[in-house]
Amino acid sequence: MFLNSAASFATQNAFVRFPHGKWPPPQSSSSSSSSSSCQWSSTVNHGGKGSPSKGSSSVINRQHNRNHKVIRAVININTAENNAVPDNQLILAFDEQKQKQQGLGIDKFLSGKTWFITGATGFVGKVLVEKILRSIPDTRKIYLMIKAKDTEAALRRLKTEIIEAEVFSVLKEEYGESYESFMLAKLVPVPGNLAEAPELGIHPETADLVAGEVDLIVNSAANTTFDERYDVAINTNTRGATNLMRFADKCHNLKLFLHISTIYANGGRSGRVMEKAFSEEDVTTTAAALDVAAEIQLALTHSAATPAADHLRRLGLESNCTCHTLYKSSYGESDNCDMLALWHTYFMFGHAIISSAATCMRSIIGITYNYSSCTLFIIRARKFGWHDTYTFTKAMGEMMLGDYRKDMSSAILTNSNKVPIVVLRPSIIEGSYAHPFPGWIEGNRMLDPISQNYCKGRMTSFPGHPDSIVDVVPVDMVVNAVLAAVTRHGATTVADNSNNMVNVYQIGSSVSNPMTLSELFTLYYLHFDSSPMMIKGKPIRLSSPLDICTSIDEFSSALHLPDIPSGSRLGRRLRQEAIRMATFYLPYMSFMGRYDCSNTEKLMEEMSEEERAEFGFDVKKIDWRHYIAQVHLPGLRKHVMKERLPATAHV
């Protein structure tokens, strides 16, 4: 099978390129590189920990020899220069070399720790839990907050959505018959909800138990729907992170709080977008100043839980009034708007904004857009400079974290010292690069609906800019960066944690290893041309890569549904969904900025060679042709599309 051969290739070669700095590794290499490659391949193939430093006398000997070389070199220098080099400099040189060899100390720091993780039933959350259990098997315990009505329901979700998930197959093979007992001994389901304060809806006794034991908190929960209802998105993405931090106040042994955001929380910033914390003052659009507290109040006060008729009565209107009447009664033709009428309109008419209101919408919001394909919440986000509800509410969540950190009276305290806060912003997260095995993916990620429609012959074009950078990062690299950042800041001294800063890491590829939209679509074509999609036993032959058009109208006219009856209800629905997707994606596919990842690169530089092999996240090492065409797309077809690939499938 093509996927199996790709998996074997990636497994044997993942992260072994460090001595050479290119892909694939040279066929002939030095003895030390060859030894490292053999050790890595052996540990991965046996489902073990995968760290060359574990149980390997040869690696220990090499480490021992390197230490002696440094000592001998220092002695030689000192002797040659008649003790011209001060002793303290010699000690410093030795300490620096020793520190470089030891790295961050990920194994040592994470051993025996107790975690509290949200979003563990999601794509990133599952990979994080799997990585912790596989690479740090002596982890004491992982509390997983699961949205459920009670403990029994949470336990059912734990078993069906996590323990039985395919991503844990390597662990299942390693532990055999004792796999389930091992998992249940390590994983503790905690029914709760990020939207509920002050203790996340957790039973008080359980909350006290977790608070007394937890060392590390990771928030990987998120609502990623681009046009989610505003109150729903704010509850999870904005209020959720702060609610979790308030719970962290009770965790007296807490060593670190890490929040997984998104690199696109930066909004529409152009140029080289740096790793820095957000604040409300950063919002520099021509719209009214952003007030996060007011946005939360707006969303929760005027939520969908309130009947539409009640909203209308507040405005003194009848329930049968028209959309245009509603706007004019509140604003006339004025462009001075607090947006409340937009909420009432949404609750009356649903997501789509009818075309008759377009002129009034334009005067109220002050922007021009294809309103027939957009939602009120997307427009709300773009008013302040973000692409959609997801990224806007995630950005506001980061702002809330920063404000909470600055508030000395409510800062997270452990023995009167502040616990470090880390925000990790990944770019577009796709299938695994190497671990637990290459190509694992669950559900449709951001880019996948494009490739799926293309391979079925439904799309011949997609809107964007050919030179726009598609910033992609494999999920296992994101998880590795999480563990490295947790160690880097969780193991720091009291003095290192004395500031009020939120530590920000962006992990993406647009600066160090860029791939353009045109290149991505070419890789799609190379893969599906070699291994076409089969529909009703017939291969779908593609004549060329996706054409990159410049408008939604051009995209719409090129849509083709060969496998769907013309004019059918299903055909109309699929067509509407495709246009809606293209509308949401256009800002991403035409974005010309680059996301700086300097902090993340410095973090990687602090890691030892062995840590890079086990916890590596160097996106510069990714060969996009190999990853997209031989790892990601085969993985998508196997794990999401549930397709059986032909044995001859290859690029």
Side-chain angles (χ1 to χ4, degrees), residues 104-106 109-110 113-120 122-132 135-136 139 141-145 194 200 210-211 214-222 236-238 240-249 251 253-263 265 275-278 394-395 397-402 404-405 411-412 414 417-427 429 473 475-492 496-497 499-507 597 599-600 602-604 606-607 615 617:
L104 294 172
I106 298 176
F109 175 73
L110 296 182
K113 292 296 187 292
T114 296
W115 299 72
F116 183 58
I117 299 175
T118 69
F123 177 50
V124 176
K126 286 178 183 175
V127 179
L128 175 61
V129 171
E130 194 278 340
K131 178 66 175 180
I132 294 171
S135 294
I136 316 290
T139 294
K141 193 180 297 182
I142 306 177
Y143 288 104
L144 304 177
M145 194 175 78
L194 277 179
L200 309 172
V210 174
V214 67
D215 299 298
L216 306 164
I217 293 179
V218 174
N219 179 31
S220 67
T236 301
N237 298 338
T238 305
T242 309
N243 288 343
L244 185 58
M245 285 191 66
R246 290 195 178 98
F247 174 76
D249 279 338
C251 303
N253 297 317
L254 190 65
K255 297 170 179 62
L256 178 129
F257 182 103
L258 186 141
H259 172 70
I260 300 179
S261 184
T262 171
I263 212 166
E275 296 163 296
K276 71 171 189 174
F278 299 142
K394 289 294 281 186
E398 287 194 39
M399 294 176 194
M400 292 284 287
L401 287 177
Y404 194 90
R405 165 55 96 196
I412 302 176
T414 299
N417 297 305
K418 291 185 178 179
V419 169
I421 298 176
V422 174
V423 171
L424 187 83
R425 298 178 188 149
S427 59
I429 306 176
V473 60
V475 64
D476 47 341
M477 291 192 179
V478 173
V479 164
N480 287 345
V482 167
L483 298 180
V486 164
T487 302
R488 171 64 181 83
H489 295 279
T492 51
D496 292 330
N497 295 329
N499 60 63
N500 293 330
M501 298 297 293
V502 173
N503 305 282
V504 178
Y505 292 92
Q506 295 181 164
I507 177 166
C597 300
N599 292 343
T600 306
K602 291 176 183 176
L603 178 66
M604 193 162 46
E606 295 183 40
M607 299 169 68
F615 302 99
F617 46 92

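Keep in mind it's a predicted model, so treat the numbers as computed, not measured.
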Student: Can you name the residues that form a salt bridge (charged side-chain N to carboxylate O under 4.0 Å, His left out) with Lys394, not counting sequence neighbours?
Tutor: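 Listed in chain order: nothing, the list is empty.
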
Student: The criterion is ring-ring contact (aromatic ring centres under 6.0 Å, His included); which residues satisfy it with Phe116, sequence neighbours excluded?
Tutor: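 Residues passing ring-ring contact (aromatic ring centres under 6.0 Å, His included) with Phe116: Phe247.
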
Student: What pairs with Asn599 under side-chain hydrogen bond (donor to acceptor under 3.5 Å, both in side chains), at least two apart in sequence or on another chain?
Tutor: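 So Asn599 forms no side-chain hydrogen bond (donor to acceptor under 3.5 Å, both in side chains) with any residue.
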
Student: Applying side-chain contact (heavy atoms from CB on, under 4.5 Å), can you list everything that pairs with Thr242, at least two apart in sequence or on another chain?
Tutor: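 For Thr242, the residues satisfying side-chain contact (heavy atoms from CB on, under 4.5 Å) (neighbours in sequence not counted) are Arg246, Met400, Tyr404.
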
Student: Please enumerate all residues that pass side-chain contact (heavy atoms from CB on, under 4.5 Å) together with Ala481, with sequence neighbours excluded.
Tutor: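 For Ala481 the side-chain contact (heavy atoms from CB on, under 4.5 Å) partners, ignoring immediate neighbours, are Leu424, Ile507, Phe617.
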
Student: Could you list the residues that satisfy side-chain hydrogen bond (donor to acceptor under 3.5 Å, both in side chains) with Ser427, not counting sequence neighbours?
Tutor: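 Listed in chain order: Asp471.
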
Student: Under the ring-ring contact (aromatic ring centres under 6.0 Å, His included) rule, collect the residues that match up with Phe109, sequence neighbours excluded.
Tutor: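 Testing Phe109 for ring-ring contact (aromatic ring centres under 6.0 Å, His included), a comparison that skips the adjacent residues, returns none.
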
Student: Holding to salt bridge (charged side-chain N to carboxylate O under 4.0 Å, His left out), I want the full list of residues that pass it with Lys113, two or more places apart in sequence or in another chain.
Tutor: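 So Lys113 forms no salt bridge (charged side-chain N to carboxylate O under 4.0 Å, His left out) with any residue.
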
Student: Might you point out which heavy atoms bring Ile117 and Val129 nearest each other, and give the distance in Å?
Tutor: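 For Ile117 and Val129, the tightest heavy-atom pair comes out as CD1-CG2, 4.3 Å.
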
Student: Show the nearest heavy-atom pair for residues Leu256 and Ala485, with the distance to one decimal.
Tutor: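 Shortest heavy-atom separation between Leu256 and Ala485 comes out as CD1-O, 4.1 Å.
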
Student: Residues two or more places apart in sequence or in another chain: which of them pass side-chain hydrogen bond (donor to acceptor under 3.5 Å, both in side chains) with Glu398?
Tutor: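 Residues passing side-chain hydrogen bond (donor to acceptor under 3.5 Å, both in side chains) with Glu398: Ser261, Arg425.
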
Student: So, using ring-ring contact (aromatic ring centres under 6.0 Å, His included) as the criterion, who are the partners of Phe278 when residues are at least two apart?
Tutor: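 Applying ring-ring contact (aromatic ring centres under 6.0 Å, His included) to Phe278 gives none.
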
Student: Does Thr600 have any side-chain hydrogen bond (donor to acceptor under 3.5 Å, both in side chains) partners at least two apart in sequence or in another chain, and if so, which?
Tutor: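 Thr600 satisfies side-chain hydrogen bond (donor to acceptor under 3.5 Å, both in side chains) with Glu275 once adjacent residues are dropped.
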
